[in-house]
Amino acid sequence: MKDATQGRVFGRTQLEDLVIVPLFALVAALFLGALVMAATGVAPGTIAQSYAALLKGSVGSIDAVSETLTAALPLVLAGLGLALGFRAGLFNIGAEGQIVMGGLAAVVAGVALADFPAFIALPGALLAGAVTGAFYAGIAGWLRAATGAHEVISTIMLNLISFRLLDYLLRTPLIQKEGRADPISKSVPDVAELPKLLTFLDANLRLHAGLFLTLVMVAAAYWLLFRSKLGFEFRASGENAIAARFAGMNAGLTIVMAMAVAGALAGLAGANQTLGVLGRATPGFSAEIGFDAIAVALLGRSHPVGVLFAGILFGALEAGGRQMQVDAGVSIDLIGIIQSLIIVFIAAPLLVKAIFPWGFRKAGTGKGRS
Amino acid sequence: MQVELRNITKRFGPVVANKDVNLTIEPGEVLGLLGENGAGKSTLMNVLCGLYEPTEGEILIDGRPVAFKGPGDAIRAGIGMVHQHFMLVPVFTVAENVILGIEPVGRFDHLDLKAARAEVKKLSTEYGLTVDPDATIETLPVGVQQRVEIIKVLFREADVLILDEPTAVLTPQEVDEFIQIVRSLCDAGKAIVFITHKLNEILEISDRIAVIRRGEIVGSGDPKKLTRPELAEMMVGHPVDFDVARAPFAPKEVILDIQGLTLVRDDGAVAVDDLSLQVHSGEVVGIAGVQGNGQSALIEALAGLRRPVAGKVTFDGTDITDASARERHRMGIAHIPEDRQRAGLIGNFTVAENMVLDSYYGPPFAKGAGINWGRVEEEAAAVAEQYDVRTPSVHAAAAHLSGGNQQKLVVARELSRDTRLVIAGQPTRGLDVGSIAFIHERLMAARDEGDGVLIVSSELDEIMALSDRILVMFKGRIVAEYAPHEAPVDKGTIGLAMAGAAT
């Protein structure tokens, strides 16, 4: 297989890096999760039962798969944006805020386009989400490029601003649902909704057309990163900003563009939630997806295909975790612990290699230099 | 103490780094170990200092075989290595660095820094090293830091000192001082292994020379009887032509005109001060000078990476003072950056990606918003071939190439298109003889085709070999100008100007 990540044949090193390390990280995290349960007095039988429930709740039925994918879609979309940012050397913490702004804008646009047919209303609402997310993230990019303000700080602050802005806007007459006193938006009209895909099987299955949107975006992100001029600039700036500048690339513009593209994808993740799952915007509707997506991007090694699989894994953990709580009475917080442990292991590949030495080529066969 | 390497072979998997090497190191003698980058010099010495275990063969000290399990064993046996990259704690003093790892302790585990300082002082005077034990490392010039590394090895009572490319980081004056130090160590009965790829130095410093190529000792001899071309041929494997062939000097119109250029460093200090110079088409202008006299800032400004605070730069009649790097690139200005790894290449990018780093955006490589990678790879393979960039494929990461091939890659990228002015900073720093000759040839070819060429280098030999006109830069100004094609120029005269004597 030829992989354009490095523009060379997909080799053993990439296999270790992209597949084996994450896989072992998952195994190690599940094992430690079991230890945590055992240490807190959960009986071995219950531990086995909870992991069985995890499996059943994530892939054990059509309903489980539907829930897994539904949970995975926004993680993948936002994770793609973060991955692009990482590749460009930007540590964007602001996906959460971009999801909020994008999701809300999609609702507002959907409501405004209620009288149009679906083929205008839905793309219009999605576009509004993407553009708003791009603009919101672009602020942080512009601050970085023009003033040197670090994007970690500015995106965290933009997150806080977005939460309060959401609470405030949800009470303004333009957005608030008629006749309600609590902060809740008008409902998304049918024409702007992402249609459910599996209602012919069961009316309760939540999987929606955001699936196609997400798959298209995975392909688009791959093309952008590895096949386009802009992606070449992103990767060059991320790998060696000085060499990129010496090669005549515009550093400031690259930063703004990378942030804007990341924001557009996070905005789409928000629109995916409001148009596909929730049908409206409420306080806190972003549900920390933007933060989980950071983990997804890291686990996916900032590679679009990796992000897709990582997002599905995290979606599965979330859907399975709910089942775990129901069947075995184990708190869903444990899933949060397992997710975090996976990232810890991913961040420490040497640790993974030390625990599972047989999955890797022997170290120390590097060539000597004179 | 006599050390003998007998039939040493070192393999890394299928790669043979050293093959059947026999070498004797005698006390009171400087053994020069000469070889190109990647020939296996450092691997061999890492075997000797205990970092690697040999795959086959043995090490004998005074006739007795020894086995080193790690660097500690080698140090205890009296073998010490001074690495190319210093291993010093910048905020510690000289004495603290010297004792690091084997701290002398008094009663109650009290650190006996006094004894350490006395010992450092003693070693310093004994071998003429003149190092203040209380100086903080980060305040010391590179040459002195190197002496601290030598003291570290002496403090551990080494009788055999291995010096890995010791002169690479030194200025010409520091090299002279360094040679003195090596002499005094030798006179005191120490055995010295001097690793280098520089022919002049090895001839000057060694008592005996061994040449290593592709992991094997291919020749050895007495420096008094060997000549530079002979050594170069042994090292490279084929005859090397030191004289760069060039067409008769026939300068045409002014291609680059700098008037009153003033540049300020990031910290506010003036780097280039009201500097004016001209480069003609078909002319090589060499700027000599000790590093840190504003050359880097000048190059960056000419490449469009630094805004001047005053002055005007004209290229072929067009004012380019405020033109961006890309605009200049498009006009046909090639720029070979001083530091290939920091500014010239992206290590994790492939050879193909690096080859189009500054030309990916236009025809023939761009295809709408995308890049035609098939075309890029084709072109990169052809250019790599043409410029002798030795790489397993265009998909290999640039970081995996040797220094010489990395630099040839940069040169290939910059010169393989239609150029009218070439700006080259330290174009051959740290390279082997073969690569140097190749790059010099290419720069000269650009001149012969009618390009203006501006070379900035701290290697005076390089400046003298290439330049039609030599300018000396000192404290941000041009302080002297020589025209070798009119009257021969003496190296010493230029050296004095470089030291500021002309002002």
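We use all heavy atoms of the structure for the numbers below, so side chains are in, but hydrogens, waters and symmetry mates are not. Below, read A as the first sequence line, B as the second, and so on, with proteins coming before strands; counting in each chain starts at 1.
Panel note: side chain Arg413(B), backbone Gly344(B); a donor-acceptor pair is recorded below 3.5 Å. In terms of modelled atom types and a separation under 3.5 Å, the side chain of Arg235(A) and the main chain of Leu225(A) share a donor-acceptor contact. Although no hydrogens or angles enter the test, the distance criterion places a donor-acceptor pair under 3.5 Å between the side chain of Asn354(B) and the main chain of Ile346(B). Checking side-chain atoms of Gln98(A) against main-chain N and O of Gly94(A) turns up a donor-acceptor pair under 3.5 Å.
Using a 4.5 Å cut-off between heavy atoms, Ala352(B) does not touch chain A at all. Only the backbone of Leu345(B) comes within less than 4.5 Å of a heavy atom of chain A; no side-chain atom from C-beta onward does. Only the side chain of Glu300(B) comes within contact range of chain A, with heavy atoms under 4.5 Å apart.
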